[in-house]
Amino acid sequence: MENVDRSKCSLSQETAQLLNQQVGAEGRSSAYYLAMASWCDTQGYKNAAKFLYHHAEEERAHMLKLFHYINDAGGRAIHPEITEVKHDFDSFRQVFELTLVQETKVTQSVHRLVDHCLAVKDFSTFNFLQWFVAEQIEEEVVTRRAVELFDVIGEEGIGRYTIDKAIGALNGGS
Ligand code: OFO
């Protein structure tokens, strides 16, 4: 494929590079949520673990969605290097506070990418990214709800047991 004149493809090198950065952000989310799932699993929060295992798979699917788009549009997708994944957490609550922080960061990075596409008039990539814009709204709603449950239910007594069940019942997005 080296001989293909990719400079004639619609995707600029800069946009491909930014999309690859987004591949990295999604891959990092996937690894992070998998580590969180494992922590919850071994602390007895089985429903939260299931939610996070599922979420980790979703993030990998998001990564692959970008991966295929980059290659289909004439760029080259690069598998990200993912290091220094956090494996230990101070508390059940902290896990979900960190998921919300992570989702907020991913939303900002999607928005920067969309902004770039508008600036360079790459309407194909702009259109492709709308799925991610909508997905991030959904993901922020779900993760914010998970954090709220700690206050709404309270952690005393059987609180954490109840929170675990409630998190298990949350919709993990698509
Ligand atoms: Fe990929 O949606 Fe969250 O990070």
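Order of listing sets the numbers, starting from 1, for every ligand and every atom in it.
Side-chain contact of H62 with E58: a donor-acceptor pair under 3.5 Å is absent, judged by distance alone. Under 3.5 Å, the side chains of S38 and H87 contain no donor-acceptor pair of N or O atoms. Side-chain atoms of T107 and Q136 include a donor-acceptor pair closer than 3.5 Å.
Taking NZ of K165 as the reference point, atom CG of N47 lies at 8.0 Å (rounded to 0.5 Å).
Using bins of under 30°, 30° to 60° and over 60° for the plane-to-plane angle, the ring pair H55/Y33 lands in the tilted bin.
Which parts of ligand 1 touch Q136 is read off a 4.0 Å heavy-atom cut-off, strictly below it: atoms 1 (Fe), 2 (O), 3 (Fe), 4 (O). Residue-ligand proximity, V106 to ligand 1, at heavy-atom distances under 4.0 Å covers atoms 4 (O). Within ligand 1, the atoms closer than 4.0 Å to a non-hydrogen atom of S29 are 4 (O), numbered from 1 in the order shown. Which parts of ligand 1 touch E103 is read off a 4.0 Å heavy-atom cut-off, strictly below it: atoms 2 (O), 3 (Fe), 4 (O).
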Give the C-alpha distance, both sets of side-chain angles, the deciding distance and a yes or no for salt bridge (charged side-chain N to carboxylate O under 4.0 Å, His left out) between K46 and D41. CA-CA 5 Å; K46 298 291 182 188; D41 210 357; 2.9 Å; yes

Are E26 and Q22 close enough, and set up right, to give a side chain to side chain donor-acceptor pair (under 3.5 Å), and what steps lead you there? CA-CA 6 Å; E26 305 290 347; Q22 191 61 33; 3.0 Å; yes

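Counting backbone and side-chain atoms alike, E26 contributes no N/O/S atom closer than 2.8 Å to atom 3 (Fe) of ligand 1. Coordination check, E135 versus atom 3 (Fe) of ligand 1: failed, since every N/O/S atom of the residue sits at 2.8 Å or beyond.
In E59, the N, O or S atom that comes nearest to atom 3 (Fe) of ligand 1 is OE2.
In plain terms, the two heavy atoms of V106 and S29 that are nearest each other are CG2-OG, 3.6 Å.
For ligand 1, the polar-atom distance check against H62 finds a nitrogen or oxygen pair separated by under 3.5 Å. Residue H55 has no nitrogen or oxygen atom sitting less than 3.5 Å from a nitrogen or oxygen atom of ligand 1, judged on distance alone. Distances between N or O atoms of Y33 and those of ligand 1 include no value under 3.5 Å.
With a heavy-atom cut-off of 4.0 Å, E58 does not touch ligand 1 at all. Neither the backbone nor the side chain of Q102 has any atom closer than 4.0 Å to an atom of ligand 1 (non-hydrogen atoms only).
For the pair K65 and Y69, the NZ or CZ position fails the cation-pi test of under 6.0 Å to the six-membered ring centre and within 45 degrees of the ring normal.
Protein heavy atom in closest approach to atom 3 (Fe) of ligand 1: E139 OE1, 2.0 Å.
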